[in-house]
Amino acid sequence: YGFICDVYGCRSKGVDQPNNTFATYFCGVTKFFPARPQATTATFIFFDRRVSDPKAQSLVGWGSNARGQQNVPAGVSLVSHIDAGLDHTIALLPDGSVVCWGWNALNQCDVPAGLGPVRSVAGGDWHTVAVLANGTVAAWGDNFNGQVDVPAGISTAMHAAAGTQFSGVVLTDGTVRLWGANQFGQCTPISGLARVVKLELGAEHSLAMRSDSTLAAWGSNSFGQSA
């Protein structure tokens with residue numbers, strides 16, 4: 001049967017196929033997956049800040065665990081940052097290394113060998129983005145719309161962001177770079193955007209916070225998300 005996934009990132013039409021496979025129709029292109037993605041996500045939150053290392057915190061999660069996205073790997077007890085994709089979870093450890101777990105059919109949890117040290121991580125639908133301490137960017141997982149094809153020349157990134165099938169970073173000069181799906185203009189920042197300190201990417205829109213705490217949004221506005 002057909003349906004619409006409208007949870008974080010899964011905005012394309014989907015149709016179940018024989019043998020428990022799944023197909024999406026995104027921008028008129030068909031893509032097949034080994035199993036139907038679940039329209040649910042796990043949620044994590046930091047708690048119990050450790051006095052001995054103020055950057056390290058333990059975590060707890062709730063919500064769906066259909067893909068093992070809540071099953072924190074053994075040995076991961078303290079983290080510096082976490083993010084959640086559609087069905088996978090990413091943790092940045094205090095030593096700058098990255099651990100991913102959950103659904104891995106598109107290699108979104110396969111952290112590249114030798115990666116690091118990392119300063120920022122983000123999870124998209126089925127891909128992962130990391131900003132390294134040297135300002136370069138790495139991305140892996142699904143590349144249906146070029147979301148893991150990091151543009152050449154990025155060397156001053158400080159914050160990673162990931163949306164449905166697009167990715168972005170905040171640069172040290174307060175500008176942003178985005179790449180991947182752009183059918184709603186979600187990878188085309190508003191003119192003159194500057195002094196950005198935080199970037200968040202949704203299913204089809206982007207949101208930036210400036211240093212003065214004002215906001216800018218662009219991309220799809222079908223539900224008023226960019227108004």
Side-chain angles (χ1 to χ4, degrees), residues 9 44 46 49-50 52-59 72-73 75-85 88-102 104 106-182 186-189 193-202 206-211 216:
F44 281 84
F46 289 129
R49 183 179 292 273
R50 303 302 176 95
S52 60
D53 185 352
K55 294 183 178 180
Q57 306 174 68
S58 50
L59 66 159
V72 181
V76 177
S77 58
L78 296 179
V79 299
S80 297
H81 178 74
I82 53 172
D83 201 34
H88 73 296
T89 306
I90 310 100
L92 176 59
L93 305 186
D95 64 0
S97 61
V98 175
V99 180
C100 298
W101 62 93
N104 194 37
L106 297 172
N107 303 313
Q108 60 266 53
C109 291
D110 291 341
V111 180
L115 181 71
V118 172
R119 68 168 63 167
S120 176
V121 292
D125 251 22
W126 303 307
H127 74 289
T128 305
V129 182
V131 170
L132 280 65
N134 64 5
T136 60
V137 181
W140 58 94
D142 179 37
N143 198 34
F144 189 40
N145 273 281
Q147 61 265 44
V148 302
D149 290 336
V150 180
I154 296 180
S155 60
T156 59
M158 63 178 185
H159 171 72
T164 298
Q165 294 188 343
F166 66 115
S167 307
V169 292
V170 179
L171 305 182
T172 55
D173 65 359
T175 61
V176 300
R177 290 287 300 275
L178 297 104
W179 61 93
N182 194 36
Q186 62 266 50
C187 285
T188 306
L193 182 66
R195 297 178 291 108
V196 175
V197 295
K198 179 72 172 177
L199 178 69
E200 290 291 341
L201 307 182
S206 303
L207 185 68
M209 184 177 74
R210 302 182 182 92
S211 57

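Residue numbers count from 1 along this sequence.
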Distance from [X] atom [atom1] to [Y] atom [atom2], nearest 0.5 Å?
X: His81; Y: Arg119; atom1: NE2; atom2: CZ; answer: 13.0 Å
X: Gln186; Y: Leu201; atom1: CD; atom2: CG; answer: 9.0 Å
X: Leu199; Y: Arg177; atom1: CG; atom2: CZ; answer: 13.0 Å
X: Leu106; Y: Phe144; atom1: CG; atom2: CZ; answer: 11.0 Å
X: Thr175; Y: Asp173; atom1: OG1; atom2: CG; answer: 3.5 Å
X: Ser211; Y: Lys198; atom1: OG; atom2: NZ; answer: 15.0 Å

Side chain proximity check, [X] to [Y], heavy atoms < 4.5 angstrom:
X: Trp179; Y: Val150; answer: yes
X: Val72; Y: Trp101; answer: yes
X: Gln147; Y: Thr164; answer: no
X: Val99; Y: Leu93; answer: yes
X: Val170; Y: Val197; answer: no
X: Val129; Y: His127; answer: yes
X: Ile90; Y: Leu92; answer: no
X: Thr128; Y: Val98; answer: no

Between the side chain of [X] and the main-chain N/O of [Y], is any donor-acceptor distance below 3.5 Å?
X: Asn143; Y: Val148; value: yes
X: Gln108; Y: Asp142; value: no
X: Ser120; Y: Ala160; value: yes

Return the minimal non-hydrogen interatomic distance between [X] and [Y], and the atom names on each side.
X: Pro94; Y: Val79; value: CD-CA, 4.1 Å
X: Trp140; Y: Leu115; value: CH2-CD2, 3.6 Å
X: Gly124; Y: Ala162; value: N-CB, 3.3 Å
X: Cys100; Y: Val111; value: SG-CG2, 3.8 Å
X: His159; Y: Val131; value: C-CG2, 3.8 Å
X: Gly123; Y: Asp83; value: N-OD2, 2.7 Å

Exercise. Between Asp125 and Gln165, does any side-chain donor sit less than 3.5 Å from a side-chain acceptor?
Worked result: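 Checked: Asp125/Gln165 side chains show no N/O donor-acceptor pair below 3.5 Å.
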Exercise. Have Asn182 and Thr188 got a donor and an acceptor in their side chains that come within less than 3.5 Å?
Worked result: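 Yes, a side-chain donor-acceptor pair sits under 3.5 Å.
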